[in-house]
Amino acid sequence: MSADTVRFSDDRLAEIAELVKRYPGPQSALMPVLYMAQEDFGYISMDAQKMIADVLGLRLMQVREVVTFYTMFKEQPTGKYLLEVCTNAGCMLNGAYELADHMCESLGIKMGGTTADGLFTIAEVECAGACGGAPVVQVNNIYHEKATAESMDALITQIRADGGEA
Amino acid sequence: MTISSDPKQVTQICFDRINIPNQNKLSVARENGAYELLPTVLEEFDSAKIIGEVKTSGLRGRGGAGFPTGLKWSFVPRNTGKPTYLLCNADEGEPGTFKDRDIMRFDPHLLIEGMIMAGFALDVRDAYIYIRGEFLHEANVLNEAIAEAYAANLLGENILGSGYSMNLTVHRGAGAYVCGEETALIESLEGKPGRPRFKPPFPAVEGFYRCPTVVNNVETLATIPAILKFGGEWHASIGIPNNTGCKIFSVSGHVNKPGNYEVPMGTSLKTLIEEYCGGLQHGSVPKVIIPGGSSTPWLTGEHYDTPLTYDDLMKAGSFLGSGAIIVMDETADLVALTHRLTHFYAHESCGQCTPCREGTGWLERVMGRVENGKGCAADVTVLKDASEHMAGRTICALAEGAAAPVLSLLKYFPEDVQTRLAENAE
Ligand SMILES: NC(=O)C1=CN([C@@H]2O[C@H](COP(=O)(O)OP(=O)(O)OC[C@H]3O[C@@H](n4cnc5c(N)ncnc54)[C@H](O)[C@@H]3O)[C@@H](O)[C@H]2O)C=CC1
Ligand SMILES: Cc1cc2nc3c(=O)[nH]c(=O)nc-3n(C[C@H](O)[C@H](O)[C@H](O)COP(=O)(O)O)c2cc1C
Ligand code: SF4
Ligand code: FES
């Protein structure tokens, strides 16, 4: 995609114009706008970053340093389903590493990898702020608490059976 | 609300309505007392009265540092010609902490009402909730609740005809633990990487866009409606002097019923774990208790009777922190756990202070080789030296928090490390 083809829709641009008014300065709208780009384009390419810099009147560097500082902004495409396994203290004490190993095996990929069909990416993440439900797995930002090998296998099977439309 | 006006009868404040279904809907929240007192506050109270009640209440910041809320509000300079901002810290990233999430997803109107009252007291026109990026569901719940509040003229222009106007915006973080530190949060809300600023100046004087800014935790702000309803004296009579009110504890790890429990301050660790959390998964006395989130020094079984107050936990050698209690029984592999925590801090250090950037990296590497069979006796000295050089020499408290687990492991369980090293030597 070139910078000319990565464009927000007119509705998005109108939404951004409204958003900017909520803050004392336009730069504050950067993170919400990056989320919009990620939602619309799947990930935040360099062209998208240039386009966002133009839209908000920022220098490309100002956009780049934010994209690279925060782990939830993705510069590369990930699988359609992002499985994020928390392995921090509370989850670790309740079997998160065993669960993570099991999920990698079920998917046939290593931690951090993406399946060949582009359906799943698995990643290890820091405390998800839900330790009462340890171990916790987020699937595209939906929390699955007290996750088990069985419940995760069932989810993976379901998504595959639905042809990735679960 | 079913909270008793008799402080001796009070067992919960923020969680009073937490189990009512659909409490996130304005109509349901209103049936249960939400916004009941707001018209009176906006009509009959003034800034001095509200700040006075909050001071009298003894409420201390629930985000971790325990700074008196009323005092912080009183530091905000007036008539500077600049706007004052109110920021709710909903970044909730400290491993073990998951209490603010429940307030936001189950009773968002309690937080919104607290913010309107705080905003009115501080003459705030624009307020923001900075919520961690992973809490997408909670952000959506808040946005729906805020939209309903705007439609009912509880937010926006001329709230309930009082002449006071306030806007409230939810702003999502994007996966950086350090952004929970209030000055990093401010940088992030300004659209920059979340790198903490030097304090002082404190945000109360110079914060968001260099204007006076109050940053308060979700639980702190959610306590305000009850304080204004029943009075500062009432709140000051709950709990223990200097440690007043109730506190939500997020309990995780090796307990049978992990979860959030709100109890009056002064309840003992043992009572909380045995009576509320169904006791331990194995054995009867915990091996390790991390009382205030992963950044706080560890306690052990000998501290099991400690009352949960800021003062008592400090006397025991730790902190109440965010109220995140991580419990470990004898099955825990403390070397592996400490290694995992050092990895967390190394990953989350923003990198601007050398002792933190280098120190967190060292701790992770050395703990890694101790865990993985490559350690040597000298590593104990390296760990100790590196940890001791991190505290007090950095811009924010992350570095100190990073050193806490390592120092605790070496202090209480040197034999666990020695055993691992001996296995390695074989
Ligand atoms: N809830 C969570 O997820 C986490 C909580 N924490 C907690 O954070 C704590 C450290 O927080 P800090 O903000 O570094 O503590 P701090 O002691 O610097 O500040 C506490 C609060 O009091 C205010 N304050 C202090 N002195 C002031 C003065 N003279 N004038 C005006 N305001 C003043 C500060 O602005 C801040 O809002 C740790 O104790 C830790 O427990 C740490 C990590 C995560
Ligand atoms: C590394 C670090 C992370 C922090 N994360 C949070 C957080 O997630 N939530 C929070 O309320 N306070 C957090 N704090 C504490 C805030 O800096 C600040 O003290 C707090 O928001 C003030 O609100 P309170 O007075 O109501 O507690 C953190 C502090 C540090 C040093
Ligand atoms: S102590 Fe660490 S996290 Fe805090 S400002 Fe310094 S480098 Fe950044
Ligand atoms: S440790 Fe996994 S959610 Fe907190």
Side-chain angles (χ1 to χ4, degrees), chain A residues 18-35 38-39 44 52 56 58 62-74 84 86-94 96-97 123-136 138 140-143 145-146, chain B residues 83 85 92-98 100-102 126 128 132-137 167 169 171-177 179 188-195 208-209 211 250-254 257-260 290 294 324 326-329 331-333 336-337 340-341 343-344 347-348 350 405:
Chain A
E18 282 306 306
L19 182 73
V20 166
K21 292 186 199 155
R22 294 172 159 263
Y23 299 97
Q27 194 169 349
S28 284
L30 178 55
M31 287 174 68
V33 170
L34 288 171
Y35 272 123
Q38 197 152 286
E39 200 179 310
I44 310 171
I52 289 168
L56 291 174
L58 302 173
Q62 291 174 301
V63 177
R64 288 221 38 73
E65 60 175 10
V66 167
V67 172
T68 53
F69 187 84
Y70 298 92
T71 55
M72 288 177 70
F73 295 133
K74 309 287 181 208
E84 295 177 301
C86 170
T87 54
N88 209 305
C91 290
M92 180 181 185
L93 294 170
N94 285 289
Y97 277 104
E124 199 178 324
V125 292
E126 298 301 348
C127 177
C131 335
V136 177
Q138 296 168 65
N140 288 353
N141 249 301
I142 295 170
Y143 279 61
E145 301 185 25
K146 299 203 199 289
Chain B
Y85 294 103
E92 187 141 81
E94 175 81 345
T97 319
F98 50 94
D100 299 335
R101 177 183 181 220
D102 277 0
D126 290 295
Y128 302 85
R132 62 176 296 174
E134 292 85 349
F135 287 171
L136 178 60
H137 170 72
N167 293 313
T169 302
H171 188 100
R172 289 176 67 207
Y177 163 71
C179 288
S188 181
L189 196 56
E190 291 181 2
K192 296 183 261 179
R195 295 201 183 90
F208 190 43
Y209 287 88
C211 297
S250 305
V251 190
S252 65
H254 291 149
K257 288 194 287 170
N260 285 312
I290 312 185
S294 65
I326 307 171
V327 182
M328 290 171 242
D329 63 27
T331 64
D333 179 344
L337 186 108
R340 180 65 185 82
L341 289 176
H343 169 74
F344 168 73
H347 181 252
E348 300 298 335
C350 84

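Order of the sequence lines sets the chain letters (A, B, ...), proteins ahead of strands, with each chain counted from 1.
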If we only count heavy atoms from C-beta on, is the A:Pro32 to B:His171 side-chain gap below 4.5 Å? yes
So, for A:Pro24 and B:Tyr85, which heavy atoms are closest and what is the spacing to 0.1 Å? CG-OH, 3.2 Å
Side chain, backbone, both or neither: which part of B:Cys211 has an atom under 4.5 Å from a heavy atom of chain A? neither
Just so I understand: if I count every heavy-atom pair under 4.5 Å between each of A:Cys91, A:Ala130, A:Ala29 and chain B, which residue has the most? A:Ala130
Strictly distance-based, threshold 3.5 Å: is any side-chain N or O of B:Glu92 a donor or acceptor partner for the main-chain N or O of A:Gly129? no
Among side-chain atoms of B:Ser188 and A:Tyr70, is any donor-acceptor pair under 3.5 angstrom? yes
Pick from A:Thr87, A:Asn94, A:Val66 with the largest number of heavy-atom pairs that fall under 4.5 Å of chain B: A:Thr87
Determine the option with the most heavy-atom pairs under 4.5 angstrom with chain A, choosing from B:Cys179, B:Ala336, B:Gly191, B:Ala174. B:Ala174
Can you say whether B:Arg172 sits under 4.5 Å from chain A via the side chain, the backbone, both, or neither, judging by heavy atoms? both
Top residue by heavy-atom pair count (under 4.5 Å) with chain B, among A:Thr71, A:Val125, A:Leu30? A:Thr71
Is there a side-chain contact between A:Gln27 and A:Leu58, using heavy atoms and a 4.5 Å cut-off? yes
Chain A: which of B:Lys192, B:Arg132, B:Lys257, B:His254 shares the most heavy-atom pairs with it under 4.5 Å? B:Arg132
With only heavy atoms counted, which part of B:Leu341 is less than 4.5 Å from chain A, the side chain, the backbone, both or neither? side chain
For the interface with chain A, which of B:Gly93, B:Gly173, B:Gly175, B:Pro193 has the highest count of heavy-atom pairs at distances below 4.5 Å? B:Pro193
Quick check on the 6.0 Å ring-centre criterion: do B:Tyr209 and A:Tyr23 meet it? no
So is B:Arg101 actually on top of A:Tyr143's ring, under 6.0 Å and inside 45° of the axis? yes
For B:Tyr128, is it the side chain, the backbone, both or neither that has a heavy atom under 4.5 Å from a heavy atom of chain A? side chain
Do you know which of B:Ser252, B:Ala176, B:Pro95 has the most heavy-atom pairs under 4.5 Å to chain A? B:Pro95
Looking at A:Asn88 and A:Ala128, would you say the former's side chain and the latter's main chain have a donor-acceptor pair under 3.5 Å? no
With only heavy atoms counted, which part of A:Glu124 is less than 4.5 Å from chain B, the side chain, the backbone, both or neither? side chain
Using 30° and 60° as the class limits, which term best fits the ring planes of B:His343 and B:His347: parallel, tilted or perpendicular? parallel
Checking A:Glu65 against chain B: side chain, backbone, both or neither under 4.5 Å from a heavy atom? both
Choice from B:Tyr177, B:Phe135, B:Phe208 maximising heavy atom contacts with chain A below 4.5 Å: B:Phe135
Given 3.5 Å as the limit, does a donor-acceptor pair link the side chain of B:Ser250 with the main chain of B:Phe98, or not? yes
Could you check which of A:Pro26, A:Cys86, A:Cys127, A:Ala89 has the highest count of heavy-atom pairs closer than 4.5 Å to chain B? A:Cys127
Under 4.5 Å from any heavy atom of chain A - which part of B:Thr97: backbone
Any side-chain heavy-atom pair from B:Ile326 and A:Leu93 closer than 4.5 angstrom? yes
Which bit of B:Ala324 is near chain A, if near means a heavy-atom gap under 4.5 Å: side chain, backbone, both or neither? neither
